[in-house]
Each structure stands twice: as structure tokens, then as C-alpha cells.
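One structure is given here, and the rest of the page talks about it.
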Amino acid sequence: MTKNFLGTPLIASEHGAGLDSLTWYIHLLMAVLFVGWAIYFLYVLFRFRRTRNPQADHLGVQSHFSTYVEVGVAVTEAVLLIGFAVPLWARSVEKFPAEKESVVVRVTGRQFNWISRYAGADGTFGKQDVKFVASTNALGIDLSDTAASDDVLVLTGSEMAVPVNTNVIVHISSMDVIHSFKVFPLRVNQDAIPGMSVPIHFKANKVGNYPINCAQLCGVGHYSMKGEIKVLAQADYEAWLKAKPTFGAAGGKNEFE
Ligand SMILES: [Cu+2]
């Protein structure tokens with residue numbers, strides 16, 4: 001299949017092409033059904049017109065052609081579902097890479113931006129609980145947890161970065177209402193639901209800066225809830241992460257304007 005045949009955005013993740021192919025096959029089936037049914041409808045209008053058939057035939061249609069067509073459509077749909085959709089879902093959504101071989105990011109949506117959080121040098125996220133939430137501790141991070149001090153919080157600009165050709169797991173949550181983390185070029189989309197942390201995974205395969213959109217109408221500032229995900233070469237990613245202050249260096253602050 002020609003890439004981006006349907007005019008879809010650039011594909012920058014491993015599973016993206018499979019998703020676009022499936023969308024294309026479904027559109028193809030729908031086009032065949034639409035044209036087929038339209039032709040049949042016009043034929044029936046003409047063939048069974050009143051002047052030619054003044055009286056209804058109580059026997060009806062004798063041929064089995066329509067049965068074969070119905071079976072053909074059902075088989076095509078089954079092939080799309082079992083042959084394409086189910087394996088694609090299993091591969092791209094269900095089957096997670098191992099956490100220790102992946103870059104793990106926690107992303108929290110709020111009205112109206114995105115906060116990304118990285119585990120820092122120790123690879124462990126500091127404890128977080130709603131009981132620690134205060135005006136200066138919006139994410140409710142346990143300040144007494146030593147694993148928290150090297151965590152990296154990107155609080156401004158709704159910015160995040162991931163390395164190219166590496167498995168990435170993103171845990172999506174929300175601080176207030178339902179948002180939705182959508183990155184078209186990566187072909188990922190997950191609702192951010194308060195009280196839940198929902199993991200998604202992908203492997204970006206093209207270096208570049210891609211927009212993060214909020215795909216749920218989440219309030220008056222919804223239009224401005226856009227961020228940027230940078231897909232960087234491994235060294236650039238490490239440099240990016242290093243340049244961000246750790247939670248400890250920032251004095252444990254995680255408050256927002
Ligand atoms: Cu939103």
C-alpha cells in the first residue's frame with residue numbers, strides 16, 4: 001500500500017503503517033459495498049417497475065445470488081476482523097514491552113496542559129499519593145521518598161521527549177477532567193482519566209517534533225491544550241533529560257501557574 005494514501009499524517013511509529021493499512025482496507029470494503037448496493041438499488045427500481053410488474057409475484061426471487069453476495073461480504077468482514085484487526089490490536093495495544101527495556105514516562109493531563117515525569121537516574125518513580133497533594137505539591141509526590149528526588153518533572157510547555165527506535169511506555173492520567181492524549185504521527189490515542197493510570201506503548205521510528213493534542217473537549221481552554229513530543233536520537237534524548245532539573249534540584253516543587 002502506498003504510504004499515507006488516504007492523506008493521513010506522517011507515520012512516525014512502528015505500528016502506524018499497519019493501522020493505516022487496516023483503515024484503508026475497511027474504506028475499500030465500504031466503497032465496494034456502497035457502489036454495489038447503489039447499483040443494485042437502481043437496478044431494482046428499474047427491473048421491478050410497476051408497468052412491467054402490475055402484480056406481485058408471490059414466489060419472489062428464486063436465485064441464490066444474494067446469498068452468495070452476503071456470504072462474500074461476511075467472509076471479507078471476518079478476514080478483516082480476525083486476519084487484520086485482532087492481530088494488530090494484540091501487537092500494538094495488548095502486548096507490552098518489558099518495562100526494564102523501555103523508556104517509561106508518566107503523563108498527567110490538566111486544564112490545560114500536559115506534565116511529563118521521568119523516573120531519573122535510579123529508574124524508580126517516587127511515591128505518589130493523593131494525601132500528599134498540596135498547593136505546592138500538585139502531583140502529590142511523597143517528599144520523604146528518596147526515589148523521588150531524582151525524578152524529572154517537565155512542568156512547563158507541555159513538552160516531552162522519547163528516544164527513537166526504543167520501546168516507550170507512557171502511563172496516562174489526569175488531574176481534573178477527562179482529557180485525551182493524542183499524537184497523530186505516532187498513531188497513539190488514550191483518554192486521560194482522573195483516578196486512573198492507563199498505560200500505552202509505542203516505538204517511534206522517525207526523529208522529529210510532533211504535536212500532542214487533547215482529543216476530548218475538556219473546558220474553555222481545550223483548544224490550547226497542545227504539547228510537543230520530541231523524538232530524538234538516543235544521545236540527544238539523554239542530553240535533553242539531563243538538562244531538565246530533577247525534582248530534588250527544583251526544591252521538590254511541582255506547582256503550576
Ligand atoms: Cu484536555
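Just so you know, ligand 1 is whichever comes first in the structure, and atom 1 is the first atom listed for that ligand.
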> Where the Cu ion (ligand 1) is the centre, what is the SG-to-SG angle for Cys218 and Cys214, rounded to 10°?
Replying inline: 120°
> Any N/O/S atom, backbone or side chain, of His222 lying under 2.8 Å from the Cu ion (ligand 1)?
Replying inline: no
>> Looking at Ala161, is its backbone amide N or carbonyl O close enough to the side chain of Tyr118 to form a donor-acceptor pair, meaning the two atoms are under 3.5 Å apart?
In response: yes
> Roughly how far, to the nearest 0.5 Å, is CG of Leu153 from CD1 of Ile115?
Replying inline: 8.0 Å
> What is the name of the N/O/S atom in His179 that sits closest to the Cu ion (ligand 1)?
Replying inline: ND1
> Between the main-chain N or O of Leu139 and the side-chain N or O of Gln128, is there a donor-acceptor pair closer than 3.5 Å?
Replying inline: yes
> Can Asp20 and Arg187 be said to form a side chain to side chain contact (heavy atoms under 4.5 Å, CB included), step by step?
Replying inline: CA-CA 9 Å; Asp20 278 27; Arg187 300 295 189 274; 2.8 Å; yes
> Got an N, O or S from Met225 under 2.8 Å of the Cu ion (ligand 1)?
Replying inline: yes
